[in-house]
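Remarks on the structure that follows.
Chain letters run A, B, ... following the sequence lines, proteins first, then strands; residues in each count from 1. Nothing here was measured: the structure is a model prediction, and the numbers come from that model.
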Amino acid sequence: MLDKAFDPASLEARLYAAAEASGAFNADPARAARPFTIVIPPPNVTGSLHIGHALNNTLQDVLVRYRRMQGRDALWMPGTDHAGIATQMVVERLIGTEGQTRKGLGREAFLQRIWEWKAESGGTITRQLRRLGASLDWPRERFTMDEGLSKAVIEVFVRLHKEGLIYRDTRLVNWDPVFQTAISDLEVESREQKGHIWTLRYPVEGEPGRFIEVATTRPETMLGDMAVAVHPKDARFADLVGKRAILPLTGRLIPIVADEYSDPEKGTGAVKITPAHDFNDYGVGRRHELPMPSVLDAEARIWLEDIAAELRAVDGVADPQFVRGLAGQDRFVARKAILAELERLELLVGAEPHSNMVPHGDRSGVPIEPRLTLQWYCDAATLAKPAIEAVETGKTEFVPKQWENTFFAWMRDIQPWCISRQLWWGHRIPCWYGPEGSLFVERDEAAAMAAARQKFGRDVELTRDEDVLDTWFSSALWPFSTLGWPESTAELKKHYPTDVLVTGFDIIFFWVARMMMMGIHFMGEVPFKHVVIHGLVRDEKGAKMSKSKGNVLDPLELIDANGADAVRFTLCALASPGRDIKLSKQRMEGYRAFATKLWNAARFCEMNGIAAQPGWDPATAQTPLARWILDGANAATVEAGVALDAFRFDEYAAALYRFTWNSFCDWFLEFAKPVLNGPDGPEKDEVKGAAQHVLGVILRLLHPVMPFVTEELWTQLSYGGEASLIRAAWPDAAPVQRAEAARAELDGVVRLISEVRAVRAEVNVAPSIKTRLLVQGASPETMARAGRWIDAIQRLARVTEIETLEGAAPSGVVQAVIGEATFMLPLADVIDLGAERARLLKARGVAAQEIAKIEKKFGNAEFMAKAKEEVIEENRDRLESFTAEIARLDAALARIAN
RNA sequence: GGGCGCGUAGCUCAGCGGUAGAGCACUGCCUUCACACGGCAGGGGCCACAGGUUCAAUCCCUGUCGCGCCCACCA
C-alpha cells in the first residue's frame with residue numbers, strides 16, 4: 001500500500017542508488033539501438049552544485065530519459081573539469097592557511113597537494129548530481145586531467161603545431177598580476193571604475209616654456225611613454241609633429257607623431273603612447289617603430305630594468321632618485337607618488353573625476369595589465385571558418401536560433417587564442433627546448449630527445465616548457481576525448497557526433513565555439529547537432545545570485561525542502577526559451593503540491609483496486625468515459641513529444657500538469673467514482689482498465705522530469721513487474737476510436753456540471769442543499785445524455801434528479817442557459833433573487849457585447865469581401881449562438897420578474 | 001559606440017494576425033468516503049506608448065520611452 005503522505009526524502013536516495021546499480025543509466029555500444037548522446041558541460045572539480053547546474057542538468061536529464069524511453073541507446077557522459085586557475089587558487093589558499101606558498105612547496109609537491117585535495121573533495125559535485133537524479137553513465141566518468149584525456153590534449157597540440165595552427169609569438173597579452181599569468185581575452189571582464197583623468201604637460205624639446213598637454217587616466221605608465229600622438233589633421237598640433245617632447249621624470253626625448261588613433265575630441269587631443277602597456281598604444285608603437293620598454297613587472301609593480309640606462313640627472317625633470325625609489329612599488333601606489341612629483345614640478349595641470357570601463361581578471365578581480373610576453377597561440381581564425389560554415393548550413397543549430405548571431409559575431413572577428421598559462425595546474429605544454437633556440441613539440445620527452453638527436457647529431461640537454469594550457473583547451477576536446485579519441489573506440493564511432501549540447505549563453509565563446517572548431521578539425525564532423533541555450537537562474541527579484549548579495553538559493557536545500565522532482569519540474573516549467581529564470585519559491589511549492597497530487601491520485605487508484613493490467617488494450621474501450629480519457633492521454637502524449645522534440649521544456653511541463661491535474665484528477669477520477677462504487681461488471685472493468693492505462697501513461701510521460709515519484713508509483717502499482725520505469729517504453733499516441741463522439745459526450749457533461757456549479761455559487765446556494773434540475777427546450781440528445789450521466793451530475797453538481805419541465809416554470813428558479821436548453825434549479829426558499837437577476841444580466845451583457853462586435857464586422861463591407869471564408873463562417877456561428885443565448889436569458893429574466 | 005533581448009492579470013510567464021491564457025497570489029463557499037500540498041466558484045488586463053501596414057493588430061513594420069545582457073572602449 002502507498003503511504004498516506006508522499007515523502008520524497010524517504011525515496012530518493014534509495015531509488016537513485018538502485019537505478020545506478022542496476023546499470024539502467026548506462027549506454028551499451030554493443031546494442032544495435034540508435035544512439036542518443038549528450039556530454040555534460042563538465043563542472044569544475046572544485047565546485048559544488050549551484051542552481052545553474054541544477055537547471056542545466058535537469059534539462060539534459062529530461063532529454064536523456066525521454067530518448068532512453070524511446071529505445072535509444074542513450075549516453076549521458078559525465079565528468080569534471082580541472083579548472084586550472086580556479087583550482088590552483090583554491091589549493092594555494094588552502095596551503096596558505098598552513099603558512100605555505102606554492103613556490104615554497106615547489107612544482108611537484110604543489111601538484112601532489114592538488115591531487116590529494118581532488119581525491120578528497122572532487123566528488124562533491126558528482127554526489128550532488130546524483131541527488132538531483134541525473135541519469136549519467138557514471139562508469140564512464142572522465143576528468144580533463146585523466147590519462148586518456150591528457151593524451152588527447154597532447155595529440156591535438158602536437159598536430160596543430162605541425163599544421164602551423166599553434167605557434168609562439170611575442171605580443172601584448174592580458175596579464176593577471178595576481179595569478180601572474182597570461183589570460184585570454186574572454187577571461188577579461190570590463191568593470192566600471194570611478195577614477196580621475198589627469199592633464200599633464202610634457203615640455204617640448206628646444207622650446208623652453210612650451211609644453212604639449214596630454215590627458216591620461218594612467219600616469220603610472222608614463223615611464224614607458226615612447227611618443228605623444230596627435231591627429232594628422234589636428235591644426236592645433238600641426239607644427240609640433242616631428243618635434244620631440246621631454247618625458248618628465250626621466251628626460252627621455254620622445255617623438256610627437258601624427259597618427260589617426262589620436263582622437264581630437266578626447267582629452268587634450270594629444271595622447272601619450274605607452275606601447276608595452278596598452279593595446280592601442282601597441283598598435284601605434286608598431287606603426288611608428290617605437291621601442292617598447294616594459295615598466296611593470298609580473299606583479300604589476302614598477303620595474304626599471306628596461307629603462308635603467310636613462311636614469312641620470314637631467315635639468316628640469318625629476319630627480320633620478322625619485323624614479324629609482326619607485327622601483328618595486330605597486331602601480332597604484334606609484335601613481336600617487338608620480339602625481340605628487342608632477343605637481344611639484346608644476347607639470348600637473350588638471351585632475352577631473354572620470355569613470356571608465358577597466359578590464360579586470362574574471363577570477364582575480366583585479367585590473368589586468370597588458371604585458372609584452374612570449375606565449376603560445378592558436379590560430380583560431382583558421383579553425384573558426386568551418387565552424388561558422390557548419391552553423392550557416394544548419395549542421396549545428398542553436399536553440400533558440402537567436403544565439404547564432406552572437407556566435408557569428410564573435411567567430412567572424414576572432415582573435416588569436418592565447419593558450420599558454422603561467423600556472424602549474426593543467427596540461428603541461430609538450431614542447432622541449434634545446435640549444436641554439438631550438439624547440440621540439442612532440443608527444444613525449446623521448447620523442448623530443450629523438451628529434452633533437454636527429455637535428456644535432458648528438459644527445460643534447462632539453463628542458464620542458466614550464467607553462468600549462470588554458471583549461472578551455474582541454475574542454476574544447478570534450479565531445480570526442482571523453483569517447484576515447486585518439487583511439488578509434490566503439491563509443492567514438494557510435495556516439496560522435498553527439499546529439500545535443502545544453503548550456504548557458506555565458507560559455508558560448510569559451511566552450512561551444514571552441515568545441516565546434518576542434519571537433520570539426522579533428523573529427524571531420526560537428527560535435528553536436530543542436531546547441532540548446534538556456535538562461536541564467538536569478539532570484540525572485542531578477543537579481544543575479546551571488547554569495548555577496550546573500551540571495552543564493554542552494555539546490556540541495558531546495559531538494560531537501562521540496563523533493564528533487566519538484567525542483568526539477570519547477571526549473572523545466574520556468575525554462576522558457578531566450579529568457580532568464582526568476583526562481584520563485586512559491587512556484588516551487590506549487591509543483592511540490594503537484595507531485596503530492598499525483599501520489600494521491602495513484603493512491604486513490606490503488607484503493608479502488610485499479611492496478612496495472614499489462615495486457616489491457618485501449619482499442620477495446622467501448623464507453624465514452626474510457627475513450628474520452630484515453631483520447632486525452634493521447635493528446636497529452638503528442639503534446640509532450642512535440643514540446644520535447646522542440647526543446648520546449650516549459651510546454652512539456654505545462655501540458656502534463658494540465659492533463660494530470662485538470663483532466664485526469666478533476667474530471668476523470670470524479671466521473672469514475674460512481675462507477676467504481678457501483679456494481680461489478682464490464683463498465684467498471686473498463687473504467688478500471690482505462691484508469692490504470694492512463695495512469696501508466698502519465699507516469700511514463702512524467703518520468704523524464706519527475707523520475708523519483710514516478711518510479712516509486714510505477715513499482716508499487718506493479719506496472720513494470722520487476723522492471724524499472726527508466727527503460728519503460730515511451731507511450732504511443734495511437735488514435736482512439738470514435739474519440740470525437742466521446743469528446744462531445746463528456747465535454748457536454750462537464751459543461752453542464754460547471755454551469756450548474758457556477759450559478760449555485762453565484763447565488764450563494766450552500767453545497768449541502770441538493771436540488772432538482774428542471775430542463776426546458778432541451779433536445780432529446782441532451783436529455784438522454786443527462787440521463788446517462790445522472791450519477792455524476794448528482795454527485796458533482798449537487799442535483800437530485802433531472803426532469804423535463806412541463807408547463808410554466810415555478811417561481812424562484814436559478815437558471816443556466818447552455819446551448820439550446822435552459823436548466824432551472826427550483827430554489828425559491830434559499831436564493832437571493834436580486835443576486836440571481838444581477839447574474840443573469842451580467843451574462844446577458846457579455847453576450848450582447850460579443851454580438852455587437854460581430855455585427856460591427858458584418859457591417860463592414862470590406863470584411864465581408866476580404867476576410868477568409870472560415871473566419872466569416874465562424875463569426876456567423878458565434879452570432880447565432882449568442883443571439884439564442886440572449887433570447888433564453890431574456891426569458892429567464894422574465895420568469896424572475898413574475 | 002555596435003549588437004541582442006525584454007516590457008501581456010498583483011507576481012512569474014506562455015501566446016504572437018480574426019473569442020486574451022496558465023501557475024502562484026487574492027476573494028467567497030466547502031473538512032463531500034485519494035488529496036486542505038485539497039475541492040468548487042469568482043474578481044482582476046487601453047497586451048509600455050505613438051504612428052503605419054491590413055477588412056482585421058497584443059501579434060507584422062517604424063519610432064519613442066523603460067529594463068536587462070553581450071561586444072568594443074583605461075586620453
C1' atom, B:C67 versus B:C29: distance in rounded Å?
42 Å

Are A:Glu220 and A:Arg218 ion-paired here, with the side-chain N under 4.0 Å from a carboxylate O?
yes

Presence of A:Lys853 side-chain N/O under 4.0 Å of B:A20 phosphate oxygens OP1/OP2:
yes

For the residue pair A:Glu213 / A:Thr199, report whether a side-chain donor-acceptor contact shorter than 3.5 Å exists.
no

Side-chain N or O of A:Lys582 versus OP1/OP2 of B:C13: is the shortest distance under 4.0 Å?
yes

Considering only atom P, compute the distance from B:C26 to B:G21 and round it to an integer number of Å.
23 Å

In the strands shown, is B:C26 matched to any nucleotide by a Watson-Crick or G-U wobble pair with both distances under 3.5 Å, and which?
B:G42

Of B:A41, B:C24, B:C73, the nucleotide closest to the side chain of A:Tyr657 is B:C24

Minimum-distance nucleotide to A:Arg603 side chain [options: B:C73, B:A34, B:G18]
B:A34

Using a heavy-atom cut-off of under 4.0 Å over every strand shown, decide if A:Asp263 touches base, sugar-phosphate, or nothing.
base

Taking atom C1' in both B:C33 and B:G28, what distance in whole Å separates the two?
25 Å

Kindly assign one of parallel, tilted or perpendicular to the pair A:Tyr591 and A:Tyr657, based on the angle between their ring planes and the thresholds 30° and 60°.
perpendicular

Closest of B:C73, B:G39, B:A34 to the A:Met357 side chain is B:C73

Distance check needed: B:A36 P versus A:Asn600 CG, whole Å only.
7 Å

On RNA chain B, check which nucleotide each of A:Arg218 and A:Ser576 is closest to and give me the residue with the more 5' one.
A:Ser576

When both hydrogen-bonding distances must be under 3.5 Å and the geometry is Watson-Crick or G-U wobble, what is B:G1 paired with, if anything?
B:C71

Below 3.5 Å, does any donor atom in the side chain of A:Lys868 face an acceptor in the base of B:A56, or the other way round?
no

Among B:C69, B:C30, B:A14, which is the nearest nucleotide to the side chain of A:Arg648?
B:A14

Pick the P atom in B:U58 and in B:C49, then give their distance to the nearest Å.
10 Å

Would you mind classifying the nucleic acid contact of A:Asn860 as base, sugar-phosphate or nothing, using non-hydrogen atoms under 4.0 angstrom?
sugar-phosphate

If I take atom CZ in residue A:Arg757 and atom P in nucleotide B:C40, what distance separates them, rounded to the nearest angstrom?
6 Å

Using modelled atom types only, decide if a donor and an acceptor are shared between the side chain of A:Arg757 and the backbone of A:Leu796 within a distance under 3.5 Å.
yes

Lys/Arg N to Asp/Glu carboxylate O, A:Arg878 vs A:Glu885, below 4.0 Å:
no

Residue closer to the 5' end of RNA chain B, A:Arg798 versus A:Arg587 (nearest nucleotide):
A:Arg587

Out of B:C29, B:A34, B:A14, whichever nucleotide has its closest atom nearest the side chain of A:Glu651:
B:A14

Whole-Å distance separating the CD atom of A:Glu873 from the P atom of B:G18
18 Å

Take the angle between the ring planes of A:Phe664 and A:Phe659 and call it parallel below 30°, perpendicular above 60°, tilted in between.
tilted

Side-chain N or O of A:Gln402 less than 4.0 angstrom from OP1 or OP2 on B:C4?
no

Distance-only donor-acceptor test, A:Ser190 side-chain atoms vs B:C73 base atoms, 3.5 Å:
yes

Over all strands shown, is A:Val871 touching base, sugar-phosphate only, or nothing at heavy-atom distances under 4.0 angstrom?
base

Can you check whether any acceptor in the base of B:C35 is under 3.5 Å from a donor in the side chain of A:Lys597, or vice versa?
yes

Just say parallel, tilted or perpendicular for the rings of A:Phe407 and A:Phe398, cut-offs at 30° and 60°.
tilted

B:G17 to B:A56 separation - C1' atoms, rounded to the nearest Å
8 Å

B:C49 pairs with which nucleotide, Watson-Crick or G-U wobble, both distances below 3.5 Å?
B:G63

Would you indicate what A:Ser262 reaches in the nucleic acid, counting non-hydrogen atoms under 4.0 angstrom: base, sugar-phosphate, or nothing?
base

Under 4.0 Å from OP1 or OP2 of B:U19: is there any side-chain N or O of A:Arg876 that close?
no

